[in-house]
Amino acid sequence: MYPPKFGYVRVASLEDAVKVLEADENAKILAGGQSLMPMLKLRLIRPSYLIDINRVPNLSYINIEGDKIRIGGALVRHHQVEINRELWKIYPALPETAIQIGDPQIRNLGGTMAGSLAHADPAADWPATLIALRASVRILGPSGTREVPVEDFITGPFTTVLGRGEVISEIVIPRLGGTVKSSYVKLERKAGDFAVVGVAVMLKLSPPDGSVEDAGIGITAAGGPRPFRAREAEKALIGRKPTDDVIEDAAERAMKESSPISDIRGGSAEYKRAMVKVMTRRAIKNALSR
Amino acid sequence: MRFRGDGGMAATLKVGPEEKVRIRVKVNGVWYEREVEPRKLLVHFLREDLGLTSVHVGCDTGHCGACTVIMNGVSVKSCQVLAVQADGAEILTLEGLAKDGKLHPIQEAFWEKHALQCGYCTPGFIMETYWLLSENPNPTEEEIRRGGLSGNLCRCTGYQNIIEPLN
């Protein structure tokens, strides 16, 4: 399969990419290209130009600061997150998500966190984890920068709030102090596949009695048109000790909040709803076991 | 990032859909300079322009790993990369493994353990093994199966014998 014909622009800065995108609405950014190449080959998209940002300096940093983690630039590959020892300590859900995406070749040079968000596949892994961790997306556009929570960034299947001329410049993850645990659990049909259901959990525990002070739950592939935050399930945990009964209640609520659709990625809506409950329970228990 | 430091390559560039781009790529130790369409995939560049036919086109959708090559030290699926992205890069294909008529130890091990049936997936498996061992010289069987080689498919289903040479 050959991609359709397109022009090629290699830019030296994100600002230049913004200028090209602003002038030509059919141009598209080439970051890792691991979703873009299949879309091109299947002729699902026919961009006028590909804007290659791979030679823009300083687009692949992971900066761990006191109160936040900045995953910087549009070129942080899944593999970089996977091998970052600090992230395994702070938010294991992040590298745990990375290692469950695609396969080594896809993660190595290809897939990027920003690209995955911008592509907004409804069964992508990152949105669940980034929603649970209350991350936001920094966007660079013709009129400057703005910041949007990941939860609001994806508006539907393959659709985001990115407007004409806008690109993702950074992903910002707040760091909660104290005892924080996290996990991402994914049900997939085969190694490296998209999620049938994916659930990410973040729990902040209060030291005296181990009760849950704050909770974040993000779910992918089961929200109908987009990944979602399971607010009712979070509420079921907050202020309580995470006993089996409390966990069961939260998992039940997550299931009720979900609205999966039947499709070829994992079967019937009914099955997926049942799996939301199972995966939520497992994600909470896995996080607590750390 | 391993992508940088590719000295001499144009930092900015613009070519139209009907134009060609001049790229310079170091493949198996030799620099090649060719003109390619922006849409040309790396796998087609390696096979058709340079005649390196060990790089197989299997599924053509990024699943099977038959087109795996090493690009700037990491394994990639060359059907998911544009040739123009490899401008300035160093690439290693199966043809570059044997030295002075002597097979690479990984090739020897695959031979020794009969790690192939039809052989179509073999170059991809060997190149992925090359990358895996460069990252992790002593992988556990779990690391080989779940991590290292999970992006390569063998439709003869001879996985047992493909894992063997790595142990």
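Below, chain A is the first sequence line, B the second, and so on; all start at residue 1.
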A.B. asks: So which part of A:Leu42 gets closer than 4.5 Å to some heavy atom of chain B, the side chain, the backbone, both or neither?
C.D. replies: neither

A.B. asks: If you count the non-hydrogen atoms of other residues, nucleotides and ligands that lie under 6.0 Å from NE2 in B:His63, is the total more than 12?
C.D. replies: no

A.B. asks: Test side chain to side chain contact (heavy atoms under 4.5 Å, CB included) on B:Leu149 and A:Asp103; report intermediate values, then the result.
C.D. replies: CA-CA 8 Å; B:Leu149 298 184; A:Asp103 54 52; over 6 Å; no

A.B. asks: Do A:Val20 and B:Lys14 have side-chain heavy atoms sitting under 4.5 Å apart?
C.D. replies: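 No. Closest side-chain heavy atoms not under 4.5 Å.
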
A.B. asks: So, B:Ser75 versus A:Asn108: side-chain donor-acceptor pair below 3.5 Å or not?
C.D. replies: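 Judged by distance alone, the side chains do pair up.
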
A.B. asks: Go through it in stages, so that I can follow the logic: the residues are A:Arg10 and B:Thr12, the test is side chain to side chain contact (heavy atoms under 4.5 Å, CB included), and I'd like the CA-CA distance, side-chain angles, deciding distance and then a yes or no.
C.D. replies: CA-CA 5 Å; A:Arg10 191 183 284 163; B:Thr12 59; 5.5 Å; no

A.B. asks: Which atoms of B:Glu37 are under 4.5 Å from chain A, going by heavy atoms: the side chain, the backbone, both sets, or neither?
C.D. replies: side chain

A.B. asks: Is the closest side-chain heavy-atom distance between A:Phe6 and B:Leu82 below 4.5 Å?
C.D. replies: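 SC-SC contact between A:Phe6 and B:Leu82 confirmed.
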
A.B. asks: Do B:Pro17 and A:Ser48 have side chains that approach each other closer than 4.5 Å (heavy atoms only, starting at C-beta)?
C.D. replies: no

A.B. asks: Under a 4.5 Å cut-off applied to non-hydrogen side-chain atoms, are A:Pro104 and B:Glu128 in contact?
C.D. replies: yes

A.B. asks: What are the two closest non-hydrogen atoms of B:Trp131 and A:His79, and how far apart are they?
C.D. replies: CZ2-CE1, 4.1 Å

A.B. asks: Please report the interatomic distance NZ(B:Lys77) to CD1(A:Ile106), rounded to the nearest 0.5 Å.
C.D. replies: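 Going from NZ on B:Lys77 over to CD1 on A:Ile106, the span is 4.5 Å.
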
A.B. asks: Check whether more than 12 heavy atoms from other residues, nucleotides or ligands sit under 6.0 Å from atom CH2 of B:Trp111, and answer yes or no.
C.D. replies: no

A.B. asks: Grab the two heavy atoms, one from B:Asp87 and one from A:Arg55, that are nearest each other, plus how far apart they are.
C.D. replies: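 Distance-wise, the nearest heavy atoms are O-NH2, 2.8 Å.
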
A.B. asks: For B:Glu48, is the CD atom crowded, meaning more than 12 foreign heavy atoms sit under 6.0 Å from it?
C.D. replies: yes

A.B. asks: Do B:Met71 and A:Gln105 have side-chain heavy atoms sitting under 4.5 Å apart?
C.D. replies: no

A.B. asks: Please indicate whether A:Arg282 has more than 12 foreign heavy atoms, meaning atoms of other residues, nucleotides or ligands, lying under 6.0 Å from its CZ.
C.D. replies: no

A.B. asks: For B:Glu18, which atoms come within 4.5 Å of any heavy atom of chain A: side chain, backbone, both, or neither?
C.D. replies: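 Contact with chain A involves the side chain of B:Glu18 alone.
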
A.B. asks: Can a donor-acceptor pair be found, under 3.5 Å and without considering hydrogens, that links the side chain of B:Arg39 to the backbone of A:Pro4?
C.D. replies: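 Such a contact is absent between B:Arg39 side chain and A:Pro4 backbone.
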
A.B. asks: Please classify the contact of A:Tyr49 with chain B as side chain, backbone, both or neither, using a heavy-atom distance under 4.5 Å.
C.D. replies: side chain

A.B. asks: I want to check something: taking the side chain as every heavy atom from C-beta on, are B:Thr61 and A:Lys41 in contact at a cut-off of under 4.5 Å?
C.D. replies: no

A.B. asks: Of the backbone (N, CA, C, O) and the side chain (C-beta and beyond), which part of A:Leu50 lies under 4.5 Å from a heavy atom of chain B, both, or neither?
C.D. replies: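 A:Leu50 touches chain B through side-chain heavy atoms alone.
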
A.B. asks: Between A:Tyr2 and B:Leu41, is any pair of side-chain heavy atoms under 4.5 Å apart?
C.D. replies: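 Side-chain contact under 4.5 Å: no.
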
A.B. asks: Mark yes when over 12 heavy atoms from residues, nucleotides or ligands other than A:Glu65 sit less than 6.0 Å from its CD; otherwise mark no.
C.D. replies: yes

A.B. asks: Between A:Pro3 and B:Lys40, is there a side-chain heavy-atom distance shorter than 4.5 Å?
C.D. replies: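 Heavy-atom side-chain distance check fails, nothing below 4.5 Å.
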
A.B. asks: Take atom NZ in B:Lys102; do more than 12 heavy atoms of anything else shown fall under 6.0 Å from it?
C.D. replies: no

